[in-house]
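Here the structure is a predicted model, which means the values were calculated and not measured. Just so you know, residue 1 is the first one in the sequence shown, and it goes up from there.
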Amino acid sequence: MSDNISPVQDFATMVSQLETIVERLESGELSLENALAAFEQGVQLTRDAQQRLDSAELKVRALSEDQHGQLEVTSFASSSGMANALDNSNDSDNEETPPW
């Protein structure tokens, strides 16, 4: 069953496949062999998804850190806001705030 997993698929597709597997497993209509195969596929998808999340987090952190290793929080509101945030990143009195 794991043969139908494309090595390169987007994250949303992986989540959708996981949801489908969970629904099939919860239905109780699968034979033991098919349930084990579905479970194995779900575990592999979960591991792949977690690797992608970890990789994305590392990229975001690398792109968000200033030259001193501190997280630099900027607004996505406008590109001019981004330019202003970059200009102000050298101020030593900038306070680190959570992104939410």
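- Among all heavy-atom pairs drawn from Gly42 and Leu18, the shortest one is O-CD2, 3.4 Å.
- Once rounded to the nearest 0.5 Å, the distance linking CD of Gln44 with CE of Met14 reads 8.0 Å.
- One finds the CG atom of Leu58 at 11.0 Å from the CG atom of Leu63 (value rounded to the nearest 0.5 Å).
- Residues passing the side chain to side chain donor-acceptor pair (under 3.5 Å) test with Thr13 are Asp10, sequence neighbours excluded.
- Using a 4.5 Å cut-off on side-chain heavy atoms (C-beta onward), Leu53 and Glu57 make no contact.
- Between Leu25 and Ala35, the shortest heavy-atom distance links the atoms CD2-O, 3.5 Å.
- Residues forming a side chain to side chain donor-acceptor pair (under 3.5 Å) with Ser31 (at least two apart in sequence, or on another chain): Asn34.
- Interatomic distance, Gln41 CD to Leu45 CG, rounded to the nearest 0.5 Å: 5.5 Å.
- Considering only heavy atoms from C-beta on, Asp48 comes within 4.5 Å of Gln51 through its side chain.
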